Amino acid sequence: MKRPYFVWDYDIEETWQPHTDKEWGWFLVRKINYGDFRGLKRGVVAKYFPKIEKLLDPGKREMLRHFLHQ
């Protein structure tokens, strides 16, 4: 039995994947802000970073900005 992926504001299956740009934004902001970088791909984060950067924790935003521009 798969264990649901739990963060205080959502409870989804680990295999759930976003399909729309809005879902991707929501998904990435939640994972990044809670420090859950498991399974994130650099290309996906880079694609959505301009759209979500203002919603990210300031420290994580700067870390990702540095990581993406190496």
Side-chain angles (χ1 to χ4, degrees):
M1 180 168 100
K2 286 207 177 260
R3 188 178 67 108
Y5 181 76
F6 177 78
V7 174
W8 71 272
D9 67 342
Y10 65 99
D11 185 11
I12 59 176
E13 291 293 325
E14 287 188 48
T15 57
W16 180 84
Q17 285 293 304
H19 298 285
T20 67
D21 286 344
K22 187 174 182 177
E23 288 176 351
W24 270 110
W26 172 83
F27 182 69
L28 291 172
V29 167
R30 293 304 191 276
K31 282 185 70 81
I32 292 166
N33 281 341
Y34 290 103
D36 181 9
F37 298 98
R38 292 176 297 153
L40 294 182
K41 296 191 181 350
R42 184 181 189 145
V44 173
V45 175
K47 176 181 176 180
Y48 290 99
F49 186 75
K51 297 174 185 175
I52 65 170
E53 67 179 311
K54 291 181 181 177
L55 301 172
L56 297 175
D57 170 81
K60 291 182 175 84
R61 178 177 53 233
E62 290 305 314
M63 177 193 68
L64 283 173
R65 186 176 285 135
H66 176 75
F67 173 72
L68 294 171
H69 291 101
Q70 285 188 16

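Residue numbers run from 1 in the order of the sequence given. Just so you know, these numbers come straight off a predicted model, no measurement behind them.
The distance from atom CG of L55 to atom CG of L28, rounded to the nearest 0.5 Å, is 11.0 Å. Rounding to the nearest 0.5 angstrom, the gap separating the CD1 atom in I52 from the CZ atom in F27 is 11.0 Å. T20 contributes atom OG1, which lies 10.5 Å from atom CH2 of W26 (distance to the nearest 0.5 angstrom). Residue K51 holds its NZ atom at 12.5 Å from CH2 of W24, rounded to the nearest 0.5 Å.
In this structure, the side chain to side chain donor-acceptor pair (under 3.5 Å) partners of D21, at least two apart in sequence or on a different chain, are Y48. Take L68 and apply the side chain to side chain contact (heavy atoms under 4.5 Å, CB included) test, not counting sequence neighbours, and it matches R42, V45, A46, F49.
When atom types are taken as modelled, the side chain of D57 and the backbone of N33 share no donor-acceptor pair closer than 3.5 angstrom.
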Could you give the side-chain donor-acceptor pairs of residues 58-67 under 3.5 Å, partners two or more places apart or in another chain?
residue, atom, partner, partner atom, Å
R61, NH1, E53, O, 3.1
R61, NH1, L56, O, 3.3
E62, OE1, R65, NH1, 3.3
E62, OE2, R65, NH1, 2.4
R65, NH2, E53, OE1, 2.5
H66, NE2, Q70, NE2, 3.4

